[in-house]
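Residues take their numbers from the sequence shown, with the count starting at 1. What you see below is based on every heavy atom in this structure, not just the backbone, and it leaves out hydrogens, waters and symmetry mates.
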Amino acid sequence: MLASRLTHISSRRVSFPNALLVCSRGPFRGRQQLLLNNIKTTGPIPFATYMQLCLSHPTHGYYMNPQILPEISQVFGELLGIWYLSQWAASGGSNPIRVIELGPGRGTLMDDIVRVVAKLSRPTKPINIHLVETSSAMRSLQEAKLKHAIENPLEYTMLVAHEFFDALPIHVLQKTEKGWQEVLIDLNPDYNPSIATQASKHRFRCVLSPTPSATSTVLGLSSNRFGRLPIGSTIEVSPASFKIARHIAELLAGNTYKEGATEGAGGCGLIIDYGGDKVFGDSFRAFKEHSIVDIFHRPGESDLTANVDFAFLKESMSDLVSTYGPISQATFLERMGLQIRVDALVRAATSDERKDTIRKGAERLVDLVGMGKDYQVLGIAKQRNQQDVWPFIEVDKLSQES
């Protein structure tokens, strides 16, 4: 039955320009064996399943193991905090405050944001803090936590999702004459590490499903933009991202979903991540020790990521809240006064080494050949009558007003 099923999977290899389909050649590690057993049992798997097993498996997942996370300059969190306070003040500035972070890591970013918010808002009640984990082992709790937050409607919510959506599972689809067919991950029947040929050195291969499935068809119809793409297009679609963005919008809009309940205070949010205002087709990649590696390199030991389709997120939220951007991280931080804050920190620093660390950290955040360009910032606010929200004002509008 399984053999019959596999023979109906197209053997056509799908090209991903940013990802070499190469695996480690040694004995199967526990994570690799997990993938092997899964594919042998169920047949070729979607990229979404591959990501879930590699990143969030309870014992073998990348996010289940202690990680050495890079430090984020304190200026970053402080400027985010200033933006949140500007939106809180625009809403009236009287409601108690709740701060939610999706994918908090060690909590450094949250600490910087809350420190600024607490100092400048002078809250009469303690700031309520919610930390939502990124792992799929915790994913079932994400919706529950957001719904729990909705049950406290008087609190004004400030939500941050930094490098959260890029790690959510994606499905890879290819448009053919038959419709949208899913690109799957299968075992390579010709695998033989002792023979150094292109056809034999890969443990896994990408194959195209023989026909459109219910999943690929629905996902292909999930945005009107996808329907306008030509035959042969490949897209990465994350239904998990769409669903979570929808829950965020419901929370920030102040929806309570309780009969007779009054509208909640709502709130504002920032999503900061790799990506752009478009769908991507070949952005899926793996990182190990800050370098891009093969997407099948040591599963569970490499971070997997795909660019975020911010337009897709906006489509999920547009009827509930206002969205702004995305704009580059460099533009956001510079317009929010990065240099002024950096200068103040440098003046207060007690050693040349500390001054140099502050400057280099800030430069890295706005580097136009790195984080400053690669990271995009999307703003979200309940106030649907706000046409212009700083710093998400278009450059041409700024020039007209000057």
Side-chain angles (χ1 to χ4, degrees), residues 16 18 46-52 55 102-103 132 134 136 139 142-143 146 159-175 179-183 212-230 232-253 255 268-285 304-329 332 373-382 384 392:
F16 286 83
N18 293 336
F47 273 74
T49 301
Y50 180 76
M51 291 183 72
Q52 289 170 334
L55 296 179
L102 306 186
V132 183
T134 58
S136 105
R139 195 163 295 136
Q142 292 171 0
E143 183 176 341
L146 289 176
L159 184 142
V160 60
H162 179 248
E163 287 194 83
F164 174 81
F165 282 93
D166 70 304
L168 293 180
I170 62 166
H171 291 261
V172 180
L173 311 179
Q174 190 170 98
K175 193 173 187 179
W180 286 104
Q181 295 170 244
E182 185 156 13
V183 179
S213 65
T215 297
S216 64
T217 300
V218 169
L219 292 179
L221 295 172
S222 59
S223 172
N224 290 332
R225 295 173 296 130
F226 303 161
R228 296 191 290 268
L229 295 173
S233 297
T234 300
I235 60 175
E236 298 161 339
V237 186
S238 175
S241 294
F242 190 96
K243 183 177 180 181
I244 292 175
R246 183 68 182 179
H247 285 307
I248 289 172
E250 291 168 349
L251 171 61
L252 300 184
N255 292 352
C268 61
L270 291 171
I271 297 174
I272 306 107
D273 227 317
Y274 291 104
D277 211 22
K278 63 179 183 179
V279 67
F280 294 86
D282 65 349
S283 73
F284 183 64
R285 56 203 180 276
L304 301 177
T305 179
N307 285 357
V308 176
D309 179 354
F310 282 94
F312 198 48
L313 301 187
K314 292 193 293 185
E315 288 168 356
S316 75
M317 299 186 282
S318 61
D319 62 320
L320 295 174
V321 293
S322 294
T323 57
Y324 307 95
I327 59 176
S328 72
Q329 178 172 287
F332 179 90
K373 178 183 177 182
D374 294 341
Y375 282 86
Q376 299 289 305
V377 183
L378 178 71
I380 312 164
K382 176 184 178 180
R384 293 182 59 80
F392 300 97

Mind checking ring pair (Phe, Tyr, Trp, His ring centres under 6.0 Å) for Phe280 and listing every partner two or more places apart, or none if nothing turns up? none

Just how far is it from atom CD1 of Ile235 to atom NZ of Lys175, taken to the nearest 0.5 Å? 9.0 Å

Residue pair Thr234 / Asp282, side-chain heavy-atom distance below 4.5 Å: no

Applying salt bridge (Lys or Arg N to Asp or Glu O under 4.0 Å) to Lys314 and not counting sequence neighbours gives Asp277

Return the set of residues passing side-chain contact (heavy atoms from CB on, under 4.5 Å) with Ala306 (not counting sequence neighbours), or none when no residue passes. Ile170, Glu236, Ser283, Phe284

Any ion pair linking Asp166 and Arg285 (charged N to carboxylate O, less than 4.0 Å)? no

Do Ile248 and Leu102 come close enough that some side-chain heavy atom pair is under 4.5 Å? yes

Does a side-chain heavy-atom distance below 4.5 Å link Ser222 with Phe312? yes

Minimum heavy-atom distance between Leu304 and Leu55, given as atom pair plus value: N-CD2, 3.6 Å

Min side-chain heavy-atom separation Phe392-Val377 under 4.5 Å: yes

What are the two closest non-hydrogen atoms of Asn307 and Tyr274, and how far apart are they? OD1-CB, 3.7 Å

Are Val237 and Phe226 side-chain neighbours, meaning at least one heavy-atom pair lies under 4.5 Å? yes

Please identify each residue that fulfils side chain to side chain donor-acceptor pair (under 3.5 Å) with Glu182, with sequence neighbours left out. His171

Under the side chain to side chain donor-acceptor pair (under 3.5 Å) rule, collect the residues that match up with Ser213, sequence neighbours excluded. Ser216

Partner residues of Ser241 under the side chain to side chain donor-acceptor pair (under 3.5 Å) criterion, sequence neighbours left out: Ser238

For the student: nearest non-hydrogen atoms of Lys382 and Ala253, plus distance: CE-O, 3.4 Å

For Gln376, enumerate each residue passing the side-chain contact (heavy atoms from CB on, under 4.5 Å) test, keeping only those at least two apart in sequence or located in another chain. Phe310, Pro326, Ser328

Is any side-chain heavy atom of Val183 less than 4.5 Å from a side-chain heavy atom of Phe47? yes

For Asp309, the salt bridge (Lys or Arg N to Asp or Glu O under 4.0 Å) test, sequence neighbours excluded, returns Arg225

